[in-house]
Number of protein chains: 2
Amino acid sequence: MVTIKDIARLAGVSPSTVSRVVSNHPRISEETSRKVKRIMDEQGYHPNVMAKSLVSKTTHTLGILLPRPAEELFRNDFFGEVLRGIVTQATRMGYDLLMTTATSEQDELGTISRLVRGRRVDGIVLLSSRRDDPLIAYLNEEQFPFVLIGRSESHPDILMVDNDNVRAAYDAASHLIAQGHERIGFVSGPNNLTLSHDRLRGYEQALAEASLPKRPEWIVEGEFLQESGFRAMSLVMSLPERPTALVVIDDNVAFGVLRGLAELGYGVPDDICLVSFNNIPLSELASPPISSVDIGTYQLGYSAVQSLLHLLQGERIHHNPIVIPHRLIVRESSIQQARKRS
Amino acid sequence: MVTIKDIARLAGVSPSTVSRVVSNHPRISEETSRKVKRIMDEQGYHPNVMAKSLVSKTTHTLGILLPRPAEELFRNDFFGEVLRGIVTQATRMGYDLLMTTATSEQDELGTISRLVRGRRVDGIVLLSSRRDDPLIAYLNEEQFPFVLIGRSESHPDILMVDNDNVRAAYDAASHLIAQGHERIGFVSGPNNLTLSHDRLRGYEQALAEASLPKRPEWIVEGEFLQESGFRAMSLVMSLPERPTALVVIDDNVAFGVLRGLAELGYGVPDDICLVSFNNIPLSELASPPISSVDIGTYQLGYSAVQSLLHLLQGERIHHNPIVIPHRLIVRESSIQQARKRS
DNA sequence: CTGAAAGCGCTTACAG
DNA sequence: CTGAAAGCGCTTACAG
């Protein structure tokens with residue numbers, strides 16, 4: 001391993017000078033700089049990142065805690081896409097990404113505090129928020145820089161990047177109402193997620209505004225899994241009075257809903273319409289193609305890193321939360337007139 | 001930030017002793033150990049990871065290079081699942097994961113060498129292999145510990161975890177042959193991937209063994225995208241002589257194939273049968289459900305980390321490559337007798 | 001513009 | 001069983 005001392009010796013200068021060349025210090029002569037750089041190239045010198053971190057107290061690394069599959073939060077398509085946004089922007093800004101996961105819920109705090117107290121990372125990206133999330137409380141108390149992709153009710157002052165999920169669900173429900181539906185159900189996600197709550201609220205607002213009945217039995221809580229959507233249908237469709245349209249929390253769940261309805265002999269959109277969220281590529285390929293709210297998943301990740309880096313660089317944060325725009329993509333699943341028999 | 005010196009002072013011992021307590025050195029008295037540990041707890045002491053790395057020359061971190069979306073290698077479902085396997089096993093063994101991505105192909109070597117020369121990581125997991133992959137050549141030459149999820153033809157001695165893709169494709173094609181098909185096509189992935197080649201070879205072997213014609217125009221190269229499958233169909237199905245069955249390289253591509261066939265007015269499995277790879281959850285929910293070869297994606301990631309850690313710990317590697325078993329899951333898409341009209 | 005020195009927080013022979 | 005000392009590879013006031 002070639003170190004700064006080797007280069008110094010070979011170049012006939014001091015280690016300090018080599019260090020200054022590496023960091024483009026202004027008060028270094030053209031000539032010295034060129035010579036040192038040539039020798040670094042020849043020797044294949046790369047600065048030791050650990051040593052640099054130790055003295056600079058900065059790692060140029062962001063931490064990310066993987067949601068645990070046990071929690072069923074693992075929405076593959078969402079996750080892959082948001083991660084792509086995160087990694088892309090981090091890399092572009094010269095940051096690496098350190099990924100860990102907790103083996104259990106009790107372990108989560110320990111895992112994150114290893115990153116924080118061990119000074120492994122400069123900042124942390126949190127991927128989702130439960131209501132009263134202990135991780136948020138911890139990071140906030142430690143005053144450790146972090147950004148939440150999502151929204152925290154208990155800590156409104158932390159850095160957040162989120163959709164306007166209330167409005168997004170309001171838009172989804174309103175679209176169904178505009179189609180003439182009066183009995184609209186909601187297939188939700190885990191009840192302890194802020195996301196589920198916000199979308200439920202938007203759904204309820206739209207119903208209230210249109211003076212439509214809100215029926216508790218039409219609201220089913222589940223997980224971000226196809227099975228959840230599937231099971232929800234056997235519940236909802238066995239009711240004496242059934243909804244004619246559904247707002248579904250996630251495209252994957254919507255696939256399960258679709259299959260559940262098919263098995264029960266209901267057609268979409270003929271018998272029942274639906275709108276879901278995320279607009280994953282496959283939603284366009286489902287039969288029928290699913291109307292879905294595009295939430296700008298990649299943007300969520302990208303912007304989260306962007307604002308976290310602003311925070312780290314001590315820049316003023318102008319907008320908080322940062323709201324990533326959503327857009328309802330209407331497809332066949334929610335348009336009864338436009339139906340095609342297959 | 002509380003350091004080892006603070007603890008030493010508070011406990012009335014030397015920093016060396018504290019260090020030994022932290023690392024469970026055997027020759028430390030019960031009593032001293034207890035006292036030091038109590039004070040560490042009180043003070044909330046966490047060892048500085050960077051400092052430890054600097055002297056131990058080990059990071060307890062594995063590196064992973066994200067495939068670039070530009071290369072269209074980004075098979076979301078595969079990627080999420082393999083990553084889950086990687087992170088789970090790494091975490092279980094006390095390792096973190098450092099993730100970077102290259103912004104361009106030229107940049108890849110630079111990105112990986114930053115990890116290697118900068119001593120950021122102890123080992124590297126490579127996620128896919130192109131034929132004559134320059135990253136493999138580089139890591140091999142540097143003698144840096146790494147594992148490839150996939151197979152390298154040019155470097156047969158490196159550590160590899162892979163499916164027997166030749167056999168997997170052979171099984172897929174044989175299944176179709178057993179159903180009585182004689183005209184079988186192959187919708188492949190990017191031609192520069194070893195994966196595509198291996199599966200093509202298996203497909204060809206099965207045809208040859210059954211003395212079936214191999215028609216070049218029935219073999220379409222594409223990407224791991226739905227669009228690829230979609231476009232492949234307009235090509236293949238416009239031929240004067242069309243295949244009656246298809247082996248498709250990836251479930252996502254198969255979704256595109258399915259849509260392409262539907263738009264052209266062909267039914268699956270009535271007019272054309274298909275089998276694909278990966279067995280992602282949605283393949284079961286497609287209409288019709290898609291027969292797919294389960295390649296044990298999670299296992300691939302999990303085993304890759306496991307053997308990389310063995311390598312790092314200097315253990316003898318017994319089997320190389322490690323072969324993760326595959327299994328063909330037969331569903332409606334490849335069984336004409338069992339068809340259901342929808 | 002450049003160098004000598006101290007120090008980042010830890011580990012580990014060496015000596016006792 | 002424990003401590004003093006040297007050192008991991010780098011940075012950065014301080015002095016010139």
Side-chain angles (χ1 to χ4, degrees), chain A residues 1-37 39-40 43-61 94 96 113-122, chain B residues 1-40 43-61 94 113-122:
Chain A
M1 172 112 216
V2 29
T3 74
I4 220 170
K5 279 187 195 163
D6 301 320
I7 303 298
R9 188 166 28 75
L10 259 28
V13 297
S14 76
S16 329
T17 302
V18 176
S19 172
R20 290 191 181 101
V21 170
V22 170
S23 58
N24 286 313
H25 190 104
R27 289 199 307 246
I28 286 285
S29 75
E30 246 319 276
E31 193 193 336
T32 311
S33 172
R34 240 200 310 275
K35 183 173 58 183
V36 170
K37 276 179 177 156
I39 298 192
M40 293 196 311
Q43 301 296 314
Y45 170 74
H46 276 242
N48 180 310
V49 181
M50 297 302 165
K52 183 185 276 183
S53 282
L54 183 56
V55 22
S56 71
K57 300 200 172 311
T58 179
T59 62
H60 268 228
T61 303
D96 288 320
S113 89
R114 259 188 38 247
L115 294 188
V116 171
R117 321 287 293 260
R119 298 288 156 193
R120 265 333 274 287
V121 298
D122 296 346
Chain B
M1 171 115 217
V2 28
T3 75
I4 219 170
K5 278 187 194 164
D6 301 321
I7 303 298
R9 189 167 25 76
L10 259 31
V13 297
S14 75
S16 328
T17 301
V18 176
S19 172
R20 291 191 181 101
V21 170
V22 170
S23 57
N24 285 314
H25 190 104
R27 289 198 308 244
I28 286 285
S29 75
E30 248 319 277
E31 193 194 336
T32 311
S33 172
R34 239 199 312 276
K35 183 174 58 186
V36 170
K37 276 180 177 155
R38 181 173 50 74
I39 297 191
M40 291 196 312
Q43 301 295 315
Y45 170 75
H46 277 242
N48 180 310
V49 182
M50 297 303 166
K52 184 185 276 183
S53 281
L54 183 56
V55 22
S56 71
K57 302 202 170 307
T58 180
T59 62
H60 268 230
T61 303
S113 89
R114 260 189 34 249
L115 295 187
V116 171
R117 320 287 292 262
R119 298 288 154 192
R120 270 325 281 282
V121 298
D122 296 346

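Note on naming: letters A, B, ... go to the chains in the order of the sequence lines (proteins, then strands), and numbering restarts at 1 for each one. Computed over heavy atoms, backbone and side chain alike; hydrogens, waters and symmetry mates excluded.
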Send over the distance from B/Asn24 CG to C/dC10 P, rounded to a whole Å. 16 Å
Applying a 4.0 Å non-hydrogen cut-off, can you work out what A/Val22 is touching in the nucleic acid: base, sugar-phosphate, or nothing? nothing
Length of the CG-P vector between A/Leu54 and D/dC8, whole Å: 14 Å
From the set C/dG9, C/dG3, D/dC10, return the single nucleotide nearest to any side-chain atom of A/Val13. C/dG3
Identify whether any heavy atom of A/Ser53 sits under 4.0 Å from a base atom; if not, whether one sits that close to sugar-phosphate; answer base, sugar-phosphate or nothing. nothing
Taken to the nearest whole Å, CD1/A/Ile4 to C1'/D/dG9 is 7 Å
Does some side-chain heavy atom of B/Arg120 sit less than 4.5 Å from a side-chain heavy atom of A/Asp96? yes
Backbone of A/Thr58 reached by a side-chain donor or acceptor of A/Ser53 within 3.5 Å: yes
Starting the side chain at C-beta, find the nucleotide from C/dT12, C/dA4, C/dC8 nearest to B/Ser19. C/dT12
To the nearest Å, give me how far apart CG (B/Asn48) and C1' (C/dG7) are. 14 Å
Quick one: label A/Ser23 by what it contacts on the DNA or RNA (base, sugar-phosphate, nothing), any heavy atom closer than 4.0 Å. nothing
Nucleotide of D/dC10, D/dA4, C/dC10 approaching A/Thr3 most closely (side-chain heavy atoms): D/dC10
Nearest nucleotide by nearest heavy atom, which residue falls closer to the 5' end of DNA chain D, B/Ile28 or B/Val55? B/Ile28
When you measure from the side chain of A/Ala51, which nucleotide among D/dG9, D/dC14, D/dG3 comes out closest? D/dG9
Closest listed nucleotide, where the reference is the side chain of A/Pro47 and the choices are D/dC10, C/dG3, C/dC10: D/dC10
Does a nitrogen or oxygen in the side chain of A/Ser29 sit under 4.0 Å from OP1 or OP2 of C/dC1? no
Find the distance A/Arg20:CZ to D/dT12:C1' and express it as a whole number of Å. 7 Å
Hey, are the side chains of A/Ile7 and A/Val2 touching, using non-hydrogen atoms and a 4.5 Å cut-off? yes
Are any of A/Lys57's side-chain N or O atoms less than 4.0 Å away from OP1 or OP2 of D/dT11? no
Which heavy-atom pair separates A/Met50 from A/Asn48 by the least distance, and what is that distance? N-OD1, 2.8 Å
Once you round it to whole Å, what is the distance between C1' of C/dC8 and CZ of A/Arg120? 17 Å
Residue list, salt bridge (charged side-chain N to carboxylate O under 4.0 Å, His left out) with A/Glu30, at least two apart or on another chain: A/Arg34
With rounding to the closest Å, how many angstrom separate the C1' atoms on C/dG16 and C/dT12? 16 Å
Is there a side-chain contact between B/Ile4 and B/Tyr45 in this structure, where contact means two heavy atoms from C-beta onward sitting under 4.5 Å apart? yes
Donor-acceptor pair under 3.5 Å, B/Arg119 side chain vs D/dG9 base: no
Could you check how far CG of A/Asp6 sits from P of D/dG9, rounded to whole Å? 9 Å
Is there a Watson-Crick or G-U wobble partner for C/dA13 with both distances under 3.5 Å, and if so, which one is it? none
From CZ of A/Arg9 across to P of D/dC10 the rounded distance in Å is 13 Å
Considering every strand and a 4.0 Å limit on heavy-atom distances, what is the contact class for B/Ser56: base, sugar-phosphate, or nothing? nothing
Should A/Ser16 be listed as having a side-chain N or O under 4.0 Å from OP1 or OP2 of C/dA4? no
